[in-house]
Amino acid sequence: MPADLVDRPVESAAAAAPPPRALLGKLGLALNIAAYVALAVLPVIAMTADWRANDLAGVRAEVEAPELHPQGGRRAFLASIYHEVFQPKADAWFQRYLGLTGTSIGIDNSILLHVFGEAKPGSTVRVGDDGVYFIDDDIDYFNKSGDQVTSAAYLDRLATRLATLQQSLAARGKALVPVIVPSKTSIYRDKVSASWTADLGEPRPTDVHTYQALRRALAAHGVRHVDARDLIARRIAAGTPRSDLWMPEARHWSGYTGCLTLIEITRLYAELSGRPRPPMRCQLKMVEPQWNSADFDLMRLLNALLLEPSQPLLPSIESLKADRPVPEPRPTVSVVATSFGWTLTSQLLETAQWSAIYMNYYNSHLFKIGEQPQEKMKLGSPLWRESALDKDLYIFDLFEGYLAEGNYIDQFLDQAGPGILAGEKP
Amino acid sequence: MPFSSLLFLHAFLPAFLILYWIAPRFAKNGVAIAGSLAFYAWGAPRFLPVVLGLGLIDYFLAARIAALVHPAASPRRRSSPGDAPPPAARPRAAKLLLVLGVTMHLSILAYFKYSNFFVGEFNRALTDLGLGAIPWTHVVLPIGVSFITFEEITYLCDVYRGDARPARRISHYLLFLTLFPHSIAGPIFRWKDLEAQLAHREHSLELVRSGFERFSLGLAKKILLADSVAIPADAIFALPASQLSPSLAWLGAIAYTLQIYFDFSGYSDMAIGLGRMIGFRFKENFNQPYLSASFTEFWTRWHISLSSWLRDYLYIPLGGNRKGQRRALVNLMIVFLLSGLWHGAAWTFVLWGAFHGSIVTLERLAGARRDRLPLVVQHATTLPLLVMSWVFFRATSAGQIADFLTAMVGLDEVADGAVPLVRGLYLPSFTLAALVFGAAACLLPLAWKYRGAPPGAKPSQAPPAPQAPLVPASPLARFTTSAGFSLLARTGYLLLFALSAMHLTNMRITPLIYFKF
C-alpha cells in the first residue's frame, strides 16, 4: 500500500475535499448569478431567435436598421461611428426590435393597472372608475378651463359657413348634415376619476362654451344638424343601457349608436334634399365579444394582462340591408370626419343604398369605401375632386373635442367650399 | 450609453461580463480596457483620442515628476507613497511639470465645458453695448469630461506630493481613467485607491453576486423611484409662475430633491455593483445625505468623492483653515462657488454653490452654539433648506429660482383664473407611492437612529447597541440571519432586477441627471 495513503491524517483528507454544504453554496451562488445573466440576455436571445411574445396593441413605428456595411466600406462605417450617426440608429433599432418587449410591457402595465389602478404615464389611455377607459384627448377636452375653450366668435363663423353651404346645397337638391359628435367624457362623466378631473365646477366650461355654444350658434344661423350627444342622452334617459350605446372599453360610440345617428342623418338628408330617404333600420343584437373588436380598443391599448370584457355580450345590429332599394341613380355621399366616421361609412356601405361613399379622414387621408385603399390627401387630385365635389350628401363630423380654428372641417371648407358652392363637377 | 438603457442592460453588459469572466487572469485588464474604450466611444467617439492622448501625457508627466521628486525611483523601482520630501525640498522642475499638467487639464475642461457659457455671456454684454457679437461655433460637451479631468489632476498631484506612486504600466493608468463603471458620471476615483486593484484583484462568485445585487438596487432607484418622482418635478418646474401655489412649489421641490438623490445615488450604486462584478471594490459615494443635521454634515454624506476631492485638492491647497477663520470662510466660499460651476456652466449653478457656501459659512460662524440646539431643531432647519437649495439646481434661470422660492415661502398668490392641474398628470398613483416610499427610505433611518441616541448626539454618532450575549436573540434577529432570510433577500434582489428591467422597457429611458457634468 502506498505510504502517502496510509500516512495521510484524517483531518487533511477532509480539508482537501470541500464539504457538501460548501459545494451546494457555491452551486447556489453560480445559479444565482446565472439567473441575473439569463434575465439580462434573454431578450436578446428572443430577438435573434425571433420568439413570439405578447403582441402589443397600438402602432409602433418601424425603425431602419443601422448600416453595418455602408457604401464606402469600413472607412465609411467608422466615420458613421465617429460622427455619432451609427449609435443613435443602432440604439433605436435595438429598442424597437428587442425580444420579449410585449411580455415585459404586459407585466409592467398589469402591475400599474391592477395594483395602482392606472395606465403608464404618458399612455394615451386614461383609466376611469369601474373599468371605464378614456382616450387622453377626451380627458384634455373635459378639463379645459374657461379661457382654453373654443371662442364664441369661431363657433359663430363656423355656423355661418355651414349655413351658407347647407342652403346652397339644399337649393340644388343636395344636403349637408353636420353631426355633433360627443366626447366620451360627455357620456361617462361620472366615471372620470377624481385624479383626472380638474376642479372646474359644474357645468364644465366645455359644456357651456363649446357644446351649448355650438348648438346656439347652429340654431342662430338656422343650420339643421344631428346632435348625437343629445340623442345618446335621450336614449339613456329612456332606459337603454349606456354600454349598449358606448362600451366602457371603447374610444368610440357603438355600432348601434352609429346606426341611430345614421337614421337621423338620412332623415335630415331627405328633408333637406327633397329626395327619398334611403331605408335602413337599427335592430339591436347582442353578440359574443371579440377581443379585436373596436369596442375594446382602449382596453387593448392598455397592453396589460388579465383583462376581461366588462360584459359578456357586445351590442351589435342586425343586417342593415333594407328590404326595398332606393330608386336609381343612387345618391353619393362624402363623410368628412374623425374616426367616428368609420362606423357611419361602414354602415352606409352595408345598406347598399349609396352609389359611392367617400371618407375624408381629418382632411389628411381619402378613402373610397369598399373600393380603394387610403390615399394621402392631395389637393386637386382626381380622388380629392371625386370625393369633395358634387356629392348628394355631405356629412360633417363636428366632434366636440376637436372644435378649434383651423381644424379638419375648416380646412375642408377652405379647400372644397368654393367648388361645392359653385356646383363644380369632379 | 447610460446604465439604465436597454442596449447597456441587455447587450453590452452581458457580452462584456461573459468575455471578462472567460478571459484568463492575465488578459482580464485587456478585456476591461477594450470594453471601457468601446463603451466610451459609443457616447463620445470624438473625445476618445483626447482622453487617450491626455492619458499618455499624464503617464509620462507623472513618471517624470516622480523621478524628479524621488531621484532614486524609476518606473520599475519605486519608493513607497508618503516618503516624498517636504514641499520646500521638492525640485522646482517637478512643480513646473505639475503646474503644466494641471493647467493643461483645466484648459481642456474650460474649453469643452465653459467656453460656450463665457463666450455667450461676453457676446451678450457686447450686444447690450450695441457692439457685434464675436462669431462662435458651439462646442459639444463630451460626456464625463468633468470627472476624467478631476481624476487626472488627482493623479498628478498625488504623485507630486508623494501620496501615490506613478503607474507602473500605461495599461493600468488607461484602465483607471476609462473604466466604464465610472468614466461618464463618476464617482471620482483616486489613483492611489485603485492602483493595487488594477494590478491584482480578487474575483469571487460572492463578489459578483453582491455586484449584481448592488446594481439591481441602483437600477431600481433610478428606474422605479427617480424616474417616477421626476414626473411631478418636471411638470411643476414647467409651470409658469402664475400657476405656482405654495403647496405645488413644495411638491415640485421635494420631488426633485428625491429625484436627484435616487438618480445619482442609484447611478453610484450601479457603478459600485459593476465594479464588483469585475473584482473592483469602489468607495461609497453617498451615505444617507438627507439624515444630515447641517449642511456641513450634508457635504460629508453627499457625492463624497467630489466633496473630499474639493477638500483635498482645492480647500486645503488654498490654505484651508490654517490661515485664520476669515481666510477659511473665504476659502469655503471659493470652493462652493467653484463646485457650483463644476456642476454646470450656468449662473443657476453658481447661485446653488453660493447658497450652500453661505449656509456652511454661517454654520461655521455659529460653531458650537448651533450644535447645542436640540437635534430635532437642527434637522428641522436643515432639511427644508436642503429642499430649497435644489430649486437653484433644477431651475433654468435666476427668475425661476425667485418665483419658486417666493411661492415656497407663501408670498406669491396664484393668479385668478389659473388652470387647476389634473392630479393624474403630475401625480399618478405609482408616482405618489414612489414619492412616499422614497421619502420614507430617506428619512425613516433618522427615527431609527434617534432611538437610544444621547441628547445632542447626531444620529450617525449614536452608540452601537450593547452586546448582550446572555440575552437570547430576538426572533427577528434570528430570522434575518437565517438561511431562509438569505434566500428571500436573494430572490428579492433578483425580482427587483427583473421588475426594473421590465419597467425600463415599458417607460424607455430618461437621461441621467448627472450625465453631462
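We name chains A, B, ... by the order of the sequence lines, and we start the count at 1 in each one.
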Problem set entry | Proximity breakdown for B:L13 and chain A, heavy-atom pairs closer than 4.5 Å | neither
For this session: Say whether A:E67 and A:S80, considering side chains only, have a donor N or O and an acceptor N or O under 3.5 Å apart.
Result: no
Exercise. For chain B, which of A:M47, A:E84, A:R126, A:K26 has the most heavy-atom pairs under 4.5 Å?
Worked result: A:E84
Exercise. Which bit of B:A41 is near chain A, if near means a heavy-atom gap under 4.5 Å: side chain, backbone, both or neither?
Worked result: backbone
For this session: May I ask you to decide whether A:D108 forms a salt bridge with A:K120, counting only side-chain N to carboxylate O separations under 4.0 Å?
Result: no
For this session: Heavy-atom distances under 4.5 Å only: say whether B:F215 touches chain A with side chain, backbone, both or neither.
Result: neither
For this session: Answer yes or no on whether A:R189 is positioned over the face of A:F142, meaning its NZ or CZ is under 6.0 Å from the six-membered ring centre and within 45° of the axis.
Result: no
Problem set entry | Residue part contacting chain A, namely of B:S216, when any heavy atom lies under 4.5 Å | side chain
Exercise. Between A:N109 and chain B, which part of the residue has a heavy atom less than 4.5 Å away: side chain, backbone, both or neither?
Worked result: both
Seminar exercise, completed: Taken to the nearest 0.5 Å, the spacing of A:N303 CG from B:N506 CG works out to 8.5 Å
Problem set entry | Heavy-atom proximity to chain A below 4.5 Å, by part of B:F497 | side chain
Problem set entry | Contacting region of A:I139 [heavy-atom separation from chain B under 4.5 Å] | neither
For this session: Using distance alone, with no hydrogens and no angle criterion, decide if A:N32 and B:Y493 have a side-chain donor and acceptor under 3.5 Å apart.
Result: no
Seminar exercise, completed: Whatever's closer than 4.5 Å to a heavy atom in chain A on B:P45 counts as both
Exercise. Any chance the side chains of B:S486 and B:R490 put a donor and an acceptor closer than 3.5 Å?
Worked result: yes
Exercise. Relative to chain B, which segment of A:L39 carries a heavy atom at a distance below 4.5 Å: side chain, backbone, both, or neither?
Worked result: both
Problem set entry | CZ (B:R201) with more than 12 external heavy atoms under 6.0 Å | yes
For this session: Check each atom of A:E118 against the heavy atoms of chain B and say whether the ones under 4.5 Å are side chain, backbone, both or neither.
Result: side chain
For this session: Let me know if A:F94 has heavy atoms under 4.5 Å from chain B in its side chain, its backbone, both or neither.
Result: side chain
Problem set entry | A:S310 and A:E249 side chains, donor-acceptor separation under 3.5 Å | yes
Exercise. Is there a donor-acceptor contact under 3.5 Å from the side chain of B:Y20 to the main chain of B:V31?
Worked result: no
Exercise. Side chain, backbone, both or neither: which part of B:L427 has a non-hydrogen atom closer than 4.5 Å to chain A?
Worked result: neither
